[in-house]
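First comes the structure, then the notes that go with it.
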Amino acid sequence: FFTRIRNREKCSKNTITMAKIILNTNLVDSTFIVEYKSIEVDINKKIDIVKNIITQDKISQAEIKKELEFCKKGILESLELESQIKEITTEISKISVLSTAFSNNGIPQLIINSALPQLQDILNILTKYISKYSIQISTQEELKSGSIKETIGFIIDDGIKKRDVKYFSGGEKKLLKSLIRLSLSIFQTQRTNRNYKILFMDEAFDSLDKNNALRLLKILYNLSNRFNQIFIVSHFTDVLYNLTNCIKLEKISNKTIIK
């Protein structure tokens with residue numbers, strides 16, 4: 001009997017021990033589940049953060065690609081502009097060479113220098129009919145700075161002093177410029193090897209006083225060996241009466257009458 005009782009007590013103790021073990025185990029499991037869920041929440045948050053980062057990275061990559069395309073386009077445009085600049089620079093260089101060639105120090109000056117002796121001879125022939133003046137062609141001008149400028153000018157010696165034609169005034173300046181224009185016209189006919197036989201002068205005596213007008217008329221008379229006919233248009237009647245033939249035009253009653 002006592003043996004049976006002890007066995008039952010022993011069984012009861014074992015049962016209580018097992019119950020305690022099971023109870024402790026359940027407590028451990030519950031704590032673990034709570035901790036697991038907490039970890040799971042943290043992990044999910046981190047996953048969401050990572051997903052956001054990835055999404056932002058994708059957006060950034062798209063923007064970077066767009067910027068790269070824009071940069072590529074800019075580079076291509078820059079290369080094209082660089083090519084155009086090189087072409088323009090080459091053209092500018094060519095134009096600069098041509099500009100120098102056709103400047104006062106270039107080809108025109110060479111042509112003038114080669115023509116000066118012939119032009120000077122013509123001027124000497126024309127001015128011998130008016131002994132007061134002599135005209136010398138100048139190809140250089142001294143500037144106020146002291147430097148020399150290549151140009152073409154006409155230096156007049158009136159027996160008092162030598163000076164450029166631009167410093168004369170009134171009838172003298174008009175007469176001298178008429179002589180220069182005549183000499184240039186004759187020179188051009190000689191250079192082109194064309195036998196021009198008619199000379200026209202419009203308002204030849206305009207702004208000239210009677211003495212200077214007669215001087216010019218004397219020169220024109222002496223050009224008759226170069227031209228078959230010389231036509232002079234002028235309103236200076238005091239000089240026109242000295243011409244061999246005159247055609248007078250008058251306007252009467254809105255009609256032009258030829259006399």
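These numbers come from a predicted model, not from an experiment. FYI, side chains are in, hydrogens and waters are out, and symmetry mates aren't considered; it's all heavy atoms of this structure.
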Measure the shortest side-chain to side-chain distance between [X] and [Y] over non-hydrogen atoms and say whether it is less than 4.5 angstrom.
X	Y	value
Lys177	Lys173	yes
Glu77	Ile75	no
Ile198	Phe231	yes
Phe168	Leu176	yes

Please check this pair: side chain of [X] against backbone of [Y], looking for a donor-acceptor N/O pair closer than 3.5 Å.
X	Y	value
Asp209	Asn212	yes
Gln120	Ile137	yes
Ser96	Ser93	no

ILVMFWY cluster, Leu119 and Ile155 together (side-chain gap under 4.5 Å):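 Unlinked, Leu119 and Ile155 end up in two clusters.
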
Taking all heavy atoms of Asn124 and all of Ile135, pick out the closest pair and write down the distance.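 Looks like OD1-O, 4.2 Å.
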
Crowding at CD1, Ile258 (>12 non-hydrogen neighbours, <6.0 Å):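 Incorrect, the count does not exceed 12.
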
Electrostatic pair Lys248-Glu250, nearest N-O below 4.0 angstrom: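 Yes, this pair counts.
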
Hey, is Asp157 close enough to Arg163 for a salt bridge, meaning N to O under 4.0 Å?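 Answer for the salt bridge query: no.
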
